[in-house]
Amino acid sequence: MTPFRIALPKGRLFEPTIALFAAQGLGMRGEPGRRLLLPSENPQIEFLVVKPGDVPTYVESGAADIGVTGTDVLRETGADVLEPLRLGFGYCRLAVASHPETAYPHLDGGFTARVATKYPRLTRQHFASVGRAVEVVPISGSVEVAPLLGLAHWIVDLVDTGRTLRENGLVERETILACEATMVANRASQKLRLDTYLDIVSRLSRRSRLSP
Ligand code: PRP
């Protein structure tokens with residue numbers, strides 16, 4: 001039988017995620033380096049290490065059975081996956097920010113604001129839900145510099161400590177979404193490999209909360 005595969009996110013959620021699995025007897029064997037598939041302490045379970053935004057896609061497609069990702073990328077991809085557990089770390093927020101002198105929530109003169117973001121779907125959804133027309137400028141990184149260079153009036157990005165905003169002369173205007181590390185699961189795999197799924201959920205739930 002193919003190993004039960006757990007997709008883990010690179011980046012800021014990686015260390016707390018492998019620490020969580022290790023504390024429940026599912027340590028990773030070896031260092032990721034350039035290797036993307038790694039064994040765990042249990043020969044029936046292996047880890048797949050990918051970009052955080054790709055975790056929902058791997059899990060939705062069944063290429064991974066379960067995964068860990070942030071609420072931000074989960075909602076941005078809109079993946080159809082189960083969300084059994086909130087993991088209690090990786091807290092941050094998706095927020096609108098701008099230069100303090102840039103008007104908000106409407107630009108002067110009735111102009112349409114340009115909003116730079118790595119989260120075009122959530123940004124469109126948010127501004128549509130509050131009835132404010134904006135032009136979304138999708139970019140893949142260094143979003144905080146966009147207002148400085150005149151690419152956008154406002155940005156939508158993750159805020160954790162607020163340091164990146166401060167160091168780029170930006171202020172938070174509005175929170176769009178509270179985010180946290182979340183366990184996701186493939187719908188079919190949850191049924192077909194129920195024993196392994198329940199074993200992992202019960203181990204991790206000692207340190208987590210059931211999703212509402
Ligand atoms: C995120 C986010 C901000 C920063 C916010 O980027 O895009 O740039 O963290 O954190 P702070 O409020 O503590 O400064 P990340 O470092 O995850 O890397 P990325 O830009 O590659 O997504």
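Counting starts at 1 for both ligands and their atoms, following the listed order. Here the structure is a predicted model, which means the values were calculated and not measured.
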Parallel, tilted or perpendicular, as decided by the 30° and 60° cut-offs, for the rings of F127 and W154: parallel
Atom 11 (P) of ligand 1: nearest protein contact (heavy atom, Å): T161 OG1, 3.4 Å
Atom 16 (O) of ligand 1: nearest protein contact (heavy atom, Å): R12 NH2, 3.1 Å
Heavy atom of protein inside 4.0 Å of atom 14 (O) of ligand 1, strictly below: yes
Closest protein heavy atom (residue, atom, distance) for atom 5 (C) of ligand 1: L158 O, 3.4 Å
Atom indices of ligand 1 within 4.0 angstrom of V159 heavy atoms, with elements: 12 (O)
Heavy atom of protein closer than 4.0 angstrom to atom 21 (O) of ligand 1: no
Close approach of G162 to ligand 1, heavy atoms, under 4.0 angstrom: yes
Taking atom 18 (O) of ligand 1 as the reference point, the nearest protein heavy atom with its distance: K118 NZ, 4.7 Å
Nearest-contact summary for atom 8 (O) of ligand 1 - protein heavy atom, Å: E144 OE2, 2.9 Å
Side-chain donor or acceptor of T112 paired with backbone N/O of E135 under 3.5 Å: no
Y119 side chain to D72 side chain, donor-acceptor N/O pair below 3.5 angstrom: yes
Distance filter under 4.0 Å to T164 heavy atoms, resulting ligand 1 atoms: 4 (C), 5 (C), 8 (O), 10 (O), 11 (P), 14 (O)
Student check: side-chain heavy atoms of L20 and L87 closer than 4.5 Å: yes
Straight-line distance of D54 CG to T69 OG1, nearest 0.5 Å: 9.5 Å
Nearest-0.5 Å distance that lies between atom CZ in R93 and atom OG1 in T71: 13.5 Å
Straight-line distance of E31 CD to M28 CE, nearest 0.5 Å: 9.0 Å
Enclosure of R121 CZ (heavy-atom neighbours >12, cutoff 6.0 Å): yes
Nearest non-hydrogen protein atom, atom 7 (O) of ligand 1: D157 OD2, 2.8 Å
